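Notes follow the structure.
None of the values given here were measured: they were computed from a predicted structure. Side chains included, hydrogens not; waters and symmetry mates left out as well; all remaining heavy atoms used.
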Amino acid sequence: MDTSVPTKILINGVIADLSNEALSGGPGNSIDLRPQAFAVLRYLSNNPNRLVTKSELMQSVWPGTAVTDDSLVQCIHEIRRALKDDRHSILRTKSRRGYWLVLPEANAAATPGTNLASSLARRRPLAAVVGSLLIVLAVVIAALWMLRPTPPSGKPVVAVLPFAMLGEDAAARRLGNGLTEEIITDLARFPEFQVIARDSIQTYTGRSIGLAEIAKTLGVSFVVKGSIQRQAGRLRITAQLLDAATGKHLWSDRWDRPYEDLFAIQTEISEQVSNRLGGGHGVIQEAGRIAAHRKPPNDLTAYELYLLGTEKLTKMNRADVEEAIKLLKRAVEHDPGLARAWVELYHAYGVMPSFGADFEANFRLAAEAAERAVMLDPSDAEAHAVLGFSFGDRNDLARAKMEFDTALRMAPNQFEILSFYAFLASSFGEPQRGAEMADRAIRVNPNYPMASSRLFAAAYFMAGRYEDALRMQQQMGPENYGRRMWVYRPAALAATGRTAEAKTALVEALKWFPDLTIEGFVSLPDTNEDDRRRLIETMRLAGFPPCAKPEALARFEKPVRLPECVEG
């Protein structure tokens, strides 16, 4: 340990009092940090300007306790947020190894117990003057930053106004306050945009104020507002999304429910509103895509390229997915730190093999994108989900399950997370839970995109809900199926006794993928024994060719062989 570190140090404009476990941005401006996160910060501060390994940190902060990397990653994220280290230039990550806290020489060279104020006072007068000027300049820049109409990243800012109470019903008023807070909390889990904190919008309660003034005062792009009324034993609730600049209505919905469902309504509406507005297919991102389409291609920002890439990805055919990859690669060239673009690159690379692209090359690129996404934003639930997918691709189901559990803890009601878990649940030995997750995802977002139908079809198929799987496939065209869906369709038709339709579907499947065989498909690494048995049984019923060619089996570490395909 470096014993030359003071008890009070200045890190990126934040004073860290290591002895009293306190952070401050200045007089009267304390900064909250959990004790575990502060313990990580203290250890890093005591060992500045060198690589501190993950195991070293975990042994120091959690001695004798078994914890996962997720606990440490969450602490690192909280420290960066407290230090305003958005660029990760103060607390740096060394991939797969550990972390490096960069401290100025003035802090690193001071003696233990030195008071920060007296240490600064001993500097030369010129340095003090320069320091004061820098502080003033920082304050001016911060003020200008706060007054900006939109963030530099191009991400929109959303304000959820207090729901208006129509009448004097006290219970409805409590519902309105709770509903506003829950929607803010749920929307805040989506990193695709920024959400104004509840304290900042509380001043608008009961006030008649125009959207233009709200947009100017809060610097918001979109406003969510609504109303609640109790009448004749029922609750009538409305919610709408408006463009703050133009006042245009972008989305609205209404609920008419029995009054006794008060708290269930609060949860249900919060889930539906947040999922309808947020996520890759939500109204807010759709508004951004429309605006991006109006701009010349050379004027697009990283965020707009990301939006257009996700739009192409939803088309779920080979040509559009390839175009999505081009757009998303341009996005990360503009802004390598845009974690969400790396998340979508994982999806794009991950789906390409289902359209016949090179399996190994695309899965390697997908894995790299997933790891980059989590490294850039460990607080992004979807980043953890795609890393879970990536581990599943590599048949590391234990780590895949851990990442998905992390994602669900972070965003238990988010449509995308529920959809992804539904798809992979059978690989974790939870096929029925996968189908239930699909049901729940559809409930929180009835307007789900076509691309999600693939995930739900897989979840229902593996749970033996073949009719539901076929219903999901009806929302897709043959060009959207990919290899997996072309297996599920004939197999599900055969399993439900629709033999003639199954034969027709099989002929079509083999036109798209002439090399489709039972052995080749069930040898995929993310297929467990129960899933494999279901697939073999239903693919046999459909009449799929059983035996794979040697070159097809050679790409699997442990290919599955059927008795009739083994010589002698």
Main-chain N/O of [Y] paired to [X] side chain as donor or acceptor, under 3.5 Å:
X      : Y      : value
Arg561 : Glu519 : no
Asn47  : Tyr43  : yes
Ser354 : Arg483 : no
His384 : Pro378 : yes
Asp468 : Tyr460 : no
Trp342 : Pro336 : yes
Ser221 : Val157 : yes
Glu479 : Asn317 : no
Arg372 : Leu376 : no
Asn362 : Met352 : no

Does any non-hydrogen side-chain atom of [Y] lie less than 4.5 Å from one of [X]?
X      : Y      : value
Asn445 : Ser452 : no
Met485 : Asn480 : no
Val386 : Glu403 : no
Tyr466 : Thr538 : yes
Lys312 : Asp320 : yes
Met410 : Glu382 : no
Leu387 : Thr406 : no
Glu311 : Leu327 : no

Taking [X] first and then [Y], would you say they form a salt bridge - that is, a charged N and a carboxylate O separated by under 4.0 Å?
X      : Y      : answer
Arg532 : Glu529 : yes
Glu322 : Arg318 : yes
Glu368 : Arg364 : yes
Arg534 : Asp530 : no
Arg340 : Asp380 : yes

* **Partners passing ring pair (Phe, Tyr, Trp, His ring centres under 6.0 Å) against Tyr488 (at least two apart in sequence or in another chain)** => Phe461
* To do: Flag the pair Phe389 / Phe420 as yes when their ring centroid distance falls below 6.0 Å, and as no otherwise.
  => yes
* Mutual orientation of the aromatic rings belonging to Tyr448 and Phe415 [parallel < 30°, tilted 30-60°, perpendicular > 60°] -> parallel
* **Derivation of the side-chain hydrogen bond (donor to acceptor under 3.5 Å, both in side chains) call for Arg80 and Thr93** => CA-CA 11 Å; Arg80 283 177 173 146; Thr93 300; 2.6 Å; yes
* Would you say the side chains of Arg555 and Ser523 form a donor-acceptor pair under 3.5 Å? -> no
* Asked: Taking the six-membered ring of Tyr421 as reference, does the NZ or CZ atom of Arg433 fall below 6.0 Å from its centre and within a 45° cone about the axis?
  -> yes
* With rounding to the nearest 0.5 Å, note down the distance linking CZ in Arg92 to CG in Leu101. => 10.0 Å
